[in-house]
Amino acid sequence: MTDDVAARATAAFRSAYGGPPAGRWAAPGRANLIGEHTDYNDGFVLPFALPLRTVVAAAPQPGDTWTVCSELTGDTVTFGADDVAEAGRVAGWGAYVAGVAWALREAGHAVPGARLAVASDVPLGAGLSSSAALEAAVLAALVDLGGLDLPAERRPRLAQRAENDYVGAPTGIMDQSAVIRCRAGHALFLDCRDESVEQVPFDLDAAGLAVLVVDSRAPHRHADGEYAARRASCERAAGLLGIAALRDVPADGLADALARLDEDETRRRVRHVVTENQRVLDTVALLRAGRVREIGPLLTASHASMRDDFEITVPEIDTAVEAALAAGALGARMTGGGFGGCVLALVDAERGDAVADAVTAAYAERGFAAPGHVTVLPGPGATRLD
Ligand code: GAF
């Protein structure tokens with residue numbers, strides 16, 4: 001699939017600029033195995049890279065000018081020095097590209113002017129981090145074209161700044177870390193407080209398993225405002241508890257912390273974050289021990305917590321999880337920020353199609369527009385292709 005995307009990026013580059021690119025850089029979408037809404041609470045996450053990728057074909061361009069064409073939208077965005085000197089000057093999808101140039105400049109790098117062409121297999125707006133994939137691929141291209149010194153472990157923060165401060169979305173560090181630092185056959189155990197990582201074996205193939213990713217196709221319902229509200233509520237709770245972040249509530253300190261909060265909704269938000277952090281640790285322990293088949297109940301418990309305590313699921317998503325479990329999935333949960341997006345289900349490899357069919361049938365019964373689906377194994381993170 002990547003070969004097709006890469007070929008499409010080259011074709012888009014040639015047709016826009018009349019010559020070959022100097023190189024091509026790829027970054028994947030991600031699915032989060034477990035650990036939702038824990039990243040901005042300084043907690044733990046466990047994402048893996050998808051075999052779906054965004055490819056940027058690029059070449060240097062003289063002066064402080066950047067031109068980007070997208071195979072997907074068919075349009076071209078051009079921006080200059082003023083647009084990378086001040087956050088927010090470019091809107092739409094071009095903001096993710098300008099934001100990366102802005103963040104590089106803010107970090108003291110001399111950003112090279114460039115021509116870029118983008119092609120992608122990562123579905124937009126499906127909660128699979130198409131924006132982080134674009135940021136990471138553009139970042140890798142600009143770093144290499146400019147001969148900049150920016151090690152991989154420092155790139156996620158920079159890409160996150162593009163998203164937080166240039167685009168204006170108050171997201172955590174998970175997505176950029178995942179698309180940049182994940183490795184094939186592994187999930188990335190990330191401590192979002194100090195950004196330390198462990199590559200945890202997640203060899204589904206060897207275990208005869210696969211992850212089915214179901215695109216709920218549910219329209220995003222107020223996702224941006226609700227995401228910001230959840231974040232604010234967690235930060236307020238940490239303030240009330242007198243701690244830096246909800247990460248500082250250990251699982252065995254949950255009851256005490258809840259007793260100190262006087263409002264039911266806040267208590268439920270806190271309970272989600274604290275129990276979710278523990279579920280990440282438990283999942284990592286099982287994966288380290290090679291007991292991948294046993295993680296299913298943790299995934300399903302994570303879903304229940306997002307549905308009942310954090311209240312970020314929607315009927316289509318809950319339907320997909322219930323149908324996948326009823327059809328024999330070992331575990332299933334929504335992945336990503338919520339209010340739509342995707343569900344992942346851990347399935348015996350040969351059951352993938354049957355589980356997908358069961359989800360499609362459950363959707364039809366409830367009158368929802370048909371879902372999409374793809375079966376995936378964990379792929380590599382961002383890289384230069386050639
Ligand atoms: C979105 C955000 F971008 C991430 O930072 C993370 O908070 C996630 O939602 C929820 O876990 O993907």
Side-chain angles (χ1 to χ4, degrees), residues 27-50 52 95-96 99 122-136 155-182 187-193 195 197 213 215-216 218 220-235 238 245-247 269 272-277 279-280 283 298-299 302-303 305-307 309-314 317 333-344:
R30 67 95 190 93
N32 187 19
L33 184 59
I34 196 162
E36 223 64 82
H37 287 261
T38 45
D39 61 351
Y40 56 77
N41 288 297
D42 278 2
F44 306 112
V45 294
L46 191 61
F48 62 94
L50 296 172
L52 308 170
Y96 295 94
V122 186
L124 299 183
L128 299 178
S129 287
S130 57
S131 56
L134 177 57
E135 290 155 4
R155 295 185 190 193
R157 277 284 169 218
L158 202 140
Q160 185 199 17
R161 279 210 77 193
E163 182 132 358
N164 288 176
D165 300 334
Y166 198 99
V167 178
T171 53
I173 191 67
M174 171 170 69
D175 298 348
Q176 291 79 10
S177 300
V179 306
I180 291 171
R181 302 183 77 181
C182 278
L188 182 83
F189 176 35
L190 170 69
D191 180 334
C192 299
R193 173 160 275 169
E195 286 181 65
V197 301
V213 176
D215 182 349
S216 73
H220 272 91
R221 299 175 178 97
H222 315 298
D224 295 350
E226 293 288 352
Y227 182 96
R230 295 302 181 282
R231 185 170 182 153
S233 149
C234 291
E235 286 165 0
L246 291 183
R247 147 71 172 280
R269 303 296 188 251
H272 166 72
V273 173
V274 175
T275 58
E276 184 78 349
N277 273 327
R279 282 186 288 270
V280 175
T283 304
L298 291 163
L299 306 184
S302 167
H303 186 78
S305 179
M306 292 190 286
R307 183 191 60 214
D309 279 351
F310 221 59
E311 297 179 284
I312 53 174
T313 70
V314 294
I317 289 276
R333 63 183 290 278
M334 184 184 75
T335 185
F339 306 101
C342 286
V343 160
L344 62 77

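Nothing fancy with the numbering, it's 1 onward along the sequence. Note that this is a predicted model, so its numbers are computed, not measured. Each ligand, and each atom within it, is numbered from 1 in the order the structure gives.
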- Message: Is it the case that the side chains of S302 and E276 hold a donor-acceptor pair, with the cut-off being a distance below 3.5 Å and no angle test?
- Response: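 Note: E276 and S302 side chains meet the donor-acceptor criterion.
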
- Query: Judged by modelled atom types alone, do T283 and R279 share a side-chain donor-acceptor pair under 3.5 Å?
  - Reply: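 Absent: no donor and acceptor within the cut-off.
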
How far is [atom] from its nearest protein heavy atom, and which residue and atom is that?
atom	answer
atom 9 (O) of ligand 1	G337 CA, 3.2 Å
atom 5 (O) of ligand 1	D39 OD2, 2.5 Å
atom 8 (C) of ligand 1	M174 CE, 3.8 Å
atom 12 (O) of ligand 1	D175 OD2, 2.8 Å

- Item | Pair F48 and F189, ring centroids less than 6.0 Å apart |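 They do not qualify: ring centres at least 6.0 Å apart.
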
- Task: Before giving the answer on salt bridge (charged side-chain N to carboxylate O under 4.0 Å, His left out), spell out for R231 and E235 the whole-Å C-alpha distance, their side-chain angles and the decisive distance to 0.1 Å.
- Result: CA-CA 6 Å; R231 185 170 182 153; E235 286 165 0; 3.0 Å; yes

- Query: Using 4.0 Å as the upper bound for N to carboxylate O, is an ion pair formed by D175 and R30?
  - Reply: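 D175 and R30: salt-bridged.
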
- Pair R230 + E226: basic N to acidic O under 4.0 Å: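 Result for this pair is yes, salt bridge flagged.
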
- Number the atoms of ligand 1 from 1 as they appear, then name those within less than 4.0 Å of a heavy atom of T171, with their elements.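 Listed by number with element, the hits are 2 (C), 3 (F), 5 (O).
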
- Which of the ligand 1 atoms, numbered from 1, are nearer than 4.0 Å to a heavy atom of G172: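 Once the distances to G172 are compared, the set is 5 (O).
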
Please report whether ligand 1 has a polar contact with [X], defined as an N or O pair separated by less than 3.5 Å (distance criterion only).
X	value
T38	no
Y227	yes
I173	no
R30	yes

- Task: Assess whether salt bridge (charged side-chain N to carboxylate O under 4.0 Å, His left out) is satisfied between R193 and D42, documenting all intermediate values.
- Result: CA-CA 4 Å; R193 173 160 275 169; D42 278 2; 3.0 Å; yes

